[in-house]
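I have placed the structure first, in the form of structure tokens, so that the comments after it can refer back to it.
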2 protein chains.
Amino acid sequence: MDQQTQQRIESRARIIKALAHPTRLFIVEQLSHGERCVNELTEMIGHDTSTVSKHLAVLKNAGLVNDDKRGLQVYYTLKTPCILNFLSCVEDVVQANLDEQLITAGGSD
Amino acid sequence: MDQQTQQRIESRARIIKALAHPTRLFIVEQLSHGERCVNELTEMIGHDTSTVSKHLAVLKNAGLVNDDKRGLQVYYTLKTPCILNFLSCVEDVVQANLDEQLITAGGSD
DNA sequence: ATATAATTTGGCTATATTGCCAAATAGCCA
DNA sequence: TGGCTATTTGGCAATATAGCCAAATTATAT
């Protein structure tokens with residue numbers, strides 16, 4: 001594997017990693033409905049504000065969200081709507097896995 | 001956040017997590033060109049066979065690949081082609097990030 | 001200036017992940 | 001059976017991640 005391939009793959013992995021956490025997926029889903037400030041997200045998520053803030057920092061670092069400070073609040077928005085298509089693909093996999101489990105469970109043993 | 005939402009999101013995160021590693025992304029990319037056995041992948045990746053085998057187990061557990069033992073080899077195939085669309089979206093984000101860095105680097109300071 | 005509210009940062013512990021080595025397993029062939 | 005090859009499994013050490021609390025930062029209003 002040449003170095004260019006390596007780097008390309010690592011860039012991608014960094015972004016996917018940023019999405020690979022339930023809380024951050026939830027945030028992305030919320031932002032797909034419009035901007036949200038840290039406080040709103042924190043209330044929905046039920047973790048410490050600092051934890052939510054750190055998750056947002058991860059998403060921002062990956063280039064997935066933008067932040068916009070207005071007054072005391074910082075409003076976050078989704079930067080890349082195509083992420084949502086990605087998520088619907090992931091949902092297909094979830095469904096396929098469930099179907100398979102049904103088949104496995106229902107099959108002869 | 002109700003329990004159903006929680007579970008849905010965790011299912012998704014599990015799958016995304018399986019993709020969130022350079023080696024596993026590389027494997028998925030290779031499999032998009034056709035089936036590969038563990039040995040072939042190991043040679044390309046340059047890690048221990050056991051390491052590659054464990055990465056493959058992660059992908060399999062997430063329902064992303066199938067394995068098929070034929071003789072001594074185990075051949076792995078991609079189970080969900082839509083994953084590739086997902087990756088092309090990720091690539092868009094990579095590009096957007098790069099572009100932004102160029103702008104930032106070139107901007108006035 | 002002070003008080004208050006929203007957010008971020010630093011620091012800590014607990015847990016999870018990665019990669020290696022060694023050993024176990026599975027299939028083929030003599 | 002015994003040897004050989006491909007793959008998986010177990011176990012360990014190093015590193016990364018997540019969450020909490022406390023403290024710092026930023027903006028508003030009195």
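Everything numeric here is computed off the predicted structure, so don't read it as measured data.
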Just how far, in rounded Å, is [atom2] of [N] from [atom1] of [X]?
X     : N      : atom1 : atom2 : value
A/Q73 : D/dA29 : CD    : P     : 11 Å
B/F26 : C/dG19 : CZ    : P     : 14 Å
B/N61 : C/dA16 : CG    : P     : 16 Å
A/Y75 : C/dT8  : OH    : P     : 13 Å
A/H47 : C/dT8  : NE2   : C1'   : 18 Å
B/L59 : C/dT18 : CG    : P     : 11 Å
B/I45 : D/dT7  : CD1   : P     : 12 Å
A/K54 : D/dA16 : NZ    : C1'   : 14 Å

Determine: side-chain N/O of [X] to OP1/OP2 of [N], distance under 4.0 Å, yes or no.
X     : N      : result
B/H55 : C/dG19 : yes
B/Y76 : D/dT8  : yes
B/H21 : C/dG19 : yes
B/T51 : C/dC20 : yes

**Report entry** Complementary nucleotide for C/dA30 - Watson-Crick or wobble, under 3.5 Å
**Finding:** D/dT1
Query raised in the report: Do A/V28 and A/L59 come close enough that some side-chain heavy atom pair is under 4.5 Å?
Result: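 Sidechains of A/L59 and A/V28: in contact.
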**Report entry** B/Q6 and its side-chain hydrogen bond (donor to acceptor under 3.5 Å, both in side chains) partner, picked from B/E10, B/R8, B/Q4
**Finding:** B/E10
Nearest to the side chain of [X], heavy atoms from C-beta on, is which of [options]?
X     : options               : result
A/S53 : C/dT8, D/dT8, C/dT18  : C/dT8
A/K17 : D/dT8, C/dT9, D/dA16  : D/dA16
A/N39 : D/dT7, D/dT8, C/dT7   : C/dT7
B/V38 : C/dT18, D/dT7, D/dA22 : D/dT7

**Report entry** More than 12 heavy atoms of other groups within 6.0 Å of A/K79 NZ
**Finding:**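 Enclosed.
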Query raised in the report: For residues A/D2 and A/T5, is any side-chain donor paired with an opposing acceptor at under 3.5 Å?
Result: yes
Enumerate, atom names and distances included, each donor-acceptor pair closer than 3.5 Å involving a side-chain atom of residues 19-27 of chain B, sequence neighbours excluded.
{"from": "B/H21", "atom 1": "ND1", "to": "B/T23", "atom 2": "N", "distance (Å)": "3.1"}
{"from": "B/R24", "atom 1": "NE", "to": "B/A18", "atom 2": "O", "distance (Å)": "2.6"}
{"from": "B/R24", "atom 1": "NH1", "to": "B/H55", "atom 2": "ND1", "distance (Å)": "3.0"}
{"from": "B/R24", "atom 1": "NH2", "to": "B/K17", "atom 2": "O", "distance (Å)": "3.4"}

**Report entry** Protein proximity profile, nucleotides 25-30 of chain C - base contact B, sugar-phosphate-only contact S, no contact -, cut-off 4.0 Å on heavy atoms
**Finding:** -SBS--
Query raised in the report: Do the numbers put A/R36 on top of the ring of A/Y75, so that NZ or CZ is under 6.0 Å from the six-membered ring centre and no more than 45° off the axis?
Result: no
Query raised in the report: Say you draw a straight line from CG of A/L31 to CD1 of A/I83; how long is it, rounded to the nearest 0.5 Å?
Result: 12.0 Å
